[in-house]
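Below you'll find the structure, written out as structure tokens, and then a few comments.
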Amino acid sequence: MLASFLIGLAAGARALTPFAAVSDAAAKGTLPANNGAPSWLGHPLVSAGTKALAAGELWGDKFNSAPDRIVPAGLLARLITGGIAGAALAPRNRALAGGVLGVTAAIVAAYVTFDLRMAALKRYGQTPTGLVEDALTVAAARAVVGGARR
């Protein structure tokens, strides 16, 4: 269940990166056995689509016009992807609890990472802070998904 919480934290920073990592693992068959992932999550088209959307999110975040992650649409995206990713990393019989952990962590982390980003942005600018946040989020999502299969 720790993985469900941790993937939710990553979803707070980037809605689609953790979702893409979980979908990719599902497509490769490397999620933990007896996981709570919905069957469609591992479909090759879903995996490719989530990766493309995640790449777009990483790219678009560097623009000054990018919406804040704490606007309703941003929070809704984190709620959905954090919940699905959290459920996917939980045992099947605890998928609902894993989803709730993922959602809760994503919403809390959205506000925390937003505040941290705004503070860093004032000193270092949009693109450098975004690149650092991207690297941390991608690394965290990969580590959580990779650790969950052990």
Which heavy-atom pair separates A148 from L89 by the least distance, and what is that distance?
CB-CD2, 3.9 Å
Minimum heavy-atom separation for M1 to G98, with atom names?
CE-N, 3.3 Å
Report whether L76 and I70 are members of the same hydrophobic cluster (ILVMFWY, side-chain heavy atoms less than 4.5 Å apart, transitive linking).
yes
Residues 70-80 vs side chain to side chain donor-acceptor pair (under 3.5 Å), sequence neighbours excluded, gives none
By ring pair (Phe, Tyr, Trp, His ring centres under 6.0 Å), which residues pair with F63, not counting sequence neighbours?
W59
Should L79 and Y111 be regarded as members of a common hydrophobic cluster, given that ILVMFWY residues are connected when their side-chain heavy atoms come within less than 4.5 Å of each other, either directly or indirectly?
yes
Close side-chain approach of R117 and K122, heavy atoms under 4.5 Å
no
Residue pairs, two or more places apart or on separate chains, that pass ring-ring contact (aromatic ring centres under 6.0 Å, His included) and touch residues 28-52:
none
Side chains of residues 14-26: which donor-acceptor partners sit under 3.5 Å, not counting sequence neighbours?
residue	atom	partner	partner atom	Å
R14	NE	D134	OD1	2.8
R14	NH1	E133	OE1	3.2
R14	NH2	D61	OD2	2.8
R14	NH2	E133	OE1	3.2
R14	NH2	D134	OD1	2.7
S23	OG	L41	O	2.8
S23	OG	S47	N	3.4
D24	OD1	K51	NZ	3.1
D24	OD2	K28	NZ	3.1

Report the hydrophobic cluster partners of V132, with the cluster defined as I, L, V, M, F, W, Y residues connected by side-chain heavy atoms closer than 4.5 angstrom, directly or transitively.
L136
Residues that T127 engages under side chain to side chain donor-acceptor pair (under 3.5 Å), provided they are two or more places apart
none
Filter on side chain to side chain donor-acceptor pair (under 3.5 Å), then keep only pairs touching residues 82-108, sequence neighbours left out; what's left?
none
Should side-chain heavy atoms under 4.5 Å link Ile, Leu, Val, Met, Phe, Trp and Tyr, which residues sit in the same cluster as Y124?
none
Is the closest side-chain heavy-atom distance between V71 and L75 below 4.5 Å?
no
Looking at residues at least two apart in the chain, or sitting in another chain, which of them share a side chain to side chain contact (heavy atoms under 4.5 Å, CB included) with M118?
F114, L121
Could you note down all residue pairs passing ring-ring contact (aromatic ring centres under 6.0 Å, His included) where residues 88-109 supplies at least one of them, sequence neighbours left out?
none
Go through the steps for L6 and L9 under the test side chain to side chain contact (heavy atoms under 4.5 Å, CB included), then give the verdict.
CA-CA 5 Å; L6 294 174; L9 291 178; 4.0 Å; yes
Which heavy atom of A95 sits nearest a heavy atom of A90, and at what distance?
CA-CB, 4.1 Å
Selection residues 99-112 - residue pairs positive for salt bridge (charged side-chain N to carboxylate O under 4.0 Å, His left out), sequence neighbours left out:
none
Do I80 and V100 belong together in a cluster built from hydrophobic side chains that touch within less than 4.5 Å?
no
When you measure from the side chain of N35 to the backbone of A37, do you find a donor-acceptor pair of N or O atoms at a distance under 3.5 Å?
yes
Check whether F5 and I84 end up in the same hydrophobic cluster, where Ile, Leu, Val, Met, Phe, Trp and Tyr are linked by side-chain heavy atoms less than 4.5 Å apart.
yes
What's in the same ILVMFWY side-chain cluster as V138, cut-off under 4.5 Å, chained through other members?
L58
